[in-house]
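As the structure is a computational prediction, the values presented were derived from the model and not from experiment.
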Amino acid sequence: MIDGFIALYIFTLAAILGFEIISKVPVVLHTPLMSGSNFIHGIVLVGAMIALGHADTTLEKTFGFIAVFLGAGNAAGGYVVTERMLEMFKPRVKKTDDNNEGDQS
Amino acid sequence: MMDFINEYLPVVIKLAYFVAAILFITGLRRMSKPGTARGGIVWAGIGMLLATVVTFLLPDMHNMVLILAALASSTVLAWVSGRKVAMTDMPQMVALYNGMGGGSAAFIGMIALFNGMDHVTACEAGVSLNAHDCISGVTLWFALAGVLIGGVSLTGSMIAFGKLQGWIDKRYAFPGQQVFNAVVALITIGLAMYLTVDMNPTVIWLFFGLSLVLGLLMTLPIGGADMPVVISLYNAFTGLAVSFEGFVLQNEAMIIAGMLVGAAGTLLTKLMAKAMNRKLTAVLFKTLGAGSGDAIAGDMKEIEAQDAAIQMAFADRVIIVPGYGMAVAQAQHKLWEMTEMLLDRGVDVKFAIHPVAGRMPGHMNVLLAEAGVPYDLIEDMEDINSQFHQTDVALVIGANDVVNPVAKTDPQSPIYGMPILHVDEAKNSIVIKRGKGTGFAGIQNALFFADNNRMLYGDAQDAIGRLIQGLKAL
C-alpha cells in the first residue's frame, strides 16, 4: 500500500523532475513537447483497464468502458501526433539532397 | 507451478510498471532536446506498450471482452485520425486527445466513488472482501479531486478543440461571468466536501455534472488566440487528474507519469504565456478586449503580385514572416519553392519566427521543416529583430498581431508590451492577407496602414503561387 505520505514524496519528486526536464527547452520544441507529455498521461489507459477489470455493476461497467475508450484514444492519438511532429526533426544533411518538394533548379 | 506464478506475477507486473515509469521519464528527457527528440517518443511508446500488456496479466481482472473492445476500437480510431489529419490541424488534435485523457481519469474516479458507495456499509463494518472496494480518507479526496480536474479538462479541451477547428468562432462572455464561474466552482467544491461525509448518488452525479459545466464556463469566454496556453494548461490538468486517480488505484506508473506531466505542463504553460507576454491569470480571467479598435489614420495600399515579385527579386535582403494564414492555406511548400527561386537569384532570404506565430509555439518551425526549409535560414525573434532595419523587403504571410507595432507604441492597446517582430522597421513590407479584417485578437494593425507597406490580398497558397508566376516571368 502507498499511504498518503509516501504518495506525497512521489508526487513531489515527480513534480520536481517534470519542472527540471522542461526548464531549458528551446521554443521550437514547445508544441512537440506538449504533445509528447499529452501522450505520457495516456497511461491513464492502464488505470481505466484496471477499473473496468474490477467493475461489477452495469453503471461501473459503462463508466469503465468509456474510460478505456477515452484513455486508449489519448494514448494512441497522442503517440501518432507526436511522432509525426518529431519526424520533422530528422537531421538534414544538405539542402540540395532532400528537397523533394520544390524540385526546380 | 500455479503457486509459483501467483507468487511472482505481481512482482513482475510491479517491475514492469516501474520500468514503464523510467521509460516515460527518459522519453520526456530526450524529447526536450532537438537532437534526441525523435527517439524520445519511441522510448515513451515502449513504456506505454509494456504497461498496457502487463495490465492484462493482473489477477482478478474480468470484463476482458469489454476491455478489448473499447481498447481496440478507440486505438484504431485515434490512430487513423492522428495519421490522416493535416499538420496544420495538429494543435486541435492535441486538445482532443488531451480531453479524452482527462475524461478517462474522471470516469475512473466516478467508478471509485460509486464502488465505494456500494460497499460503504460493509467497509465500515470491516467485512468487505476486497481492499479496493473501500474508499475513505485521503483516497476519497484524491478520487474527488481527479473527477473535478479531469472533468474540467475534458469539456475545456473539447471547447478548445471546437474553437481551433473553427466550429465555435465566438467568445461567450457575459457581465459578471467571473463571479458566476467562481460561484459554480465553490458549489462544486462544496459538493465534494459533502461527499466526504455522505456518499449520496444524486450528489455524486451533481458533482460530476458541475465539474463538466465548469470546464465549459472557464473556456468559452477565452479568445482563440489564447488557446495554445489553455490547451497546455488542460494538459497539465489531465496529468494531475491521472496522478490522483493513480493514487486511488495504487498504481505507481500512473502517479509518476501523471505528476511528471502535471509539472512539465504547468511550466510549459508559463513559458508559452511568457512568450505571448500574457499573464496566465489574464488569459483565464480577463478576456482580451475587442475594444480599443481605434481607427488608424491612412489607407491600406494594395499591390499587384507582379510588382511584389519584382520588389523581392531585386532586393538584397528579404525576411519572410510566416503566420497562421500560411498554416491554414498549407502554403509552406509553395513558400519554399518561391524562396529557392529568390535564393538562386542571390537574394539573402531569412525566415523570422515569432515565438507564438501560428496557434502554438513551434508551430511554424514544424511546418517549415516539413516543407524542407533548412534550419540555418530560420531565425528566432531575438536574433532577427535587429536585422529588420537593414532589410529591403519583409514579407508577412498571414501573420497579424505578432507584427503589430501598436504593441510598442500604444499603451492603451490590449496587446501593449507583447514582444513583436519589428517588421515596421524594414524599408518595405508586403503583407499577404485574405481580407481587410482585423486579426485573431480583433485589434487594428498599424503596420497595414504604414506608408511603406503594401497589401497583397488573397489566400496564402494562391498569393504565393502568383508571386512564383511573377518571378518566373522575370
With a 4.5 Å cut-off on heavy-atom pairs, point out which of [options] contacts chain A the most.
options: B:Trp79, B:Phe142, B:Trp141; value: B:Trp79
options: B:Gly40, B:Gly39, B:Gly45; value: B:Gly45
options: B:Met31, B:Met48, B:Met254; value: B:Met48
options: B:Ile256, B:Asn251, B:Thr238; value: B:Thr238
options: B:Leu58, B:Ile108, B:Leu154, B:Val138; value: B:Ile108

Under a 4.5 Å cutoff for heavy-atom pairs, which residue among [options] has the most contacts with chain B?
options: A:Thr12, A:Ile10, A:Thr57, A:Leu70; value: A:Leu70
options: A:Val68, A:Val46, A:Leu13; value: A:Val46
options: A:Ala51, A:Gly71, A:Gly73; value: A:Gly73

Would you indicate whether the side-chain heavy atoms of [Y] and [X] approach each other to under 4.5 Å?
X: A:Tyr79; Y: B:Val42; value: yes
X: B:Ile41; Y: A:Phe39; value: yes
X: B:Asn63; Y: A:Lys61; value: yes
X: A:Ser23; Y: B:Leu267; value: yes

At what distance, to the nearest 0.5 angstrom, does [atom1] of [X] lie from [atom2] of [Y]?
X: A:Ile22; Y: B:Leu271; atom1: CD1; atom2: CG; value: 8.0 Å
X: B:Leu71; Y: A:Phe69; atom1: CG; atom2: CZ; value: 10.5 Å
X: A:Ile43; Y: B:Glu252; atom1: CD1; atom2: CD; value: 11.0 Å
X: B:Met100; Y: A:Asn38; atom1: CE; atom2: CG; value: 10.5 Å
X: A:Ile21; Y: B:Thr26; atom1: CD1; atom2: OG1; value: 8.5 Å
X: A:Ile50; Y: B:Met61; atom1: CD1; atom2: CE; value: 6.5 Å

Electrostatic pair B:Arg83-A:Glu83, nearest N-O below 4.0 angstrom: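 Salt bridge: yes.
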B:Ser81: partners by side-chain hydrogen bond (donor to acceptor under 3.5 Å, both in side chains), with sequence neighbours left out: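 Here the qualifying residues are B:Tyr97.
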side-chain hydrogen bond (donor to acceptor under 3.5 Å, both in side chains) partners for A:Ser37, two or more places apart: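 With neighbours one apart ignored, the set is B:Asn235.
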Write down the atom of [X], the atom of [Y], and the distance for their closest heavy-atom approach.
X: B:Ser232; Y: A:Met34; value: CB-CE, 3.6 Å
X: B:Gly82; Y: A:Val80; value: C-CG1, 3.4 Å
X: B:Ile67; Y: A:Met49; value: CD1-O, 3.6 Å
X: B:Ala263; Y: A:Ala15; value: CB-O, 3.1 Å
X: B:Ala44; Y: A:Ile40; value: CB-CG1, 4.2 Å

Any side-chain donor near an acceptor of the partner, B:Asn98 and A:His41, under 3.5 Å: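 On atom types as modelled, these side chains qualify, holding a pair under 3.5 Å.
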Sidechain-backbone polar pair: B:Thr75 side chain, A:Ala72 backbone, donor-acceptor under 3.5 Å: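 Pair absent, no side-chain N/O of B:Thr75 close to backbone of A:Ala72.
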Donor-acceptor contact present, side-chain B:His62 to main-chain A:Ala55, <3.5 Å: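 Yes, the answer is positive, given that a donor and an acceptor are paired below the 3.5 Å cut-off.
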Under 4.5 Å heavy-atom distance to chain A, tell me which part of [X] shows up: side chain, backbone, both or neither.
X: B:Leu268; result: both
X: B:Pro59; result: backbone
X: B:Val85; result: both
X: B:Val80; result: neither
X: B:Lys334; result: neither
X: B:Leu77; result: side chain
X: B:Asp118; result: side chain
X: B:Ile25; result: both
X: B:Phe247; result: side chain

Verdict with reasoning, B:Met90 to A:Thr31, per side-chain contact (heavy atoms from CB on, under 4.5 Å): CA-CA 9 Å; B:Met90 290 289 176; A:Thr31 300; 5.9 Å; no
Reference residue A:Leu45; test side chain to side chain contact (heavy atoms under 4.5 Å, CB included); the match among B:Thr55, B:Thr52, B:Val242: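 Only one option passes, and that is B:Thr52.
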Parallel, tilted or perpendicular: ring planes of B:Phe107 versus A:Phe63, cut at 30 and 60 degrees: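 Because their plane-to-plane angle lies in the 30° to 60° range, the rings of B:Phe107 and A:Phe63 count as tilted.
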Part of A:Leu33 within contact of chain B (heavy atom distance under 4.5 Å):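 Both parts, backbone and side chain.
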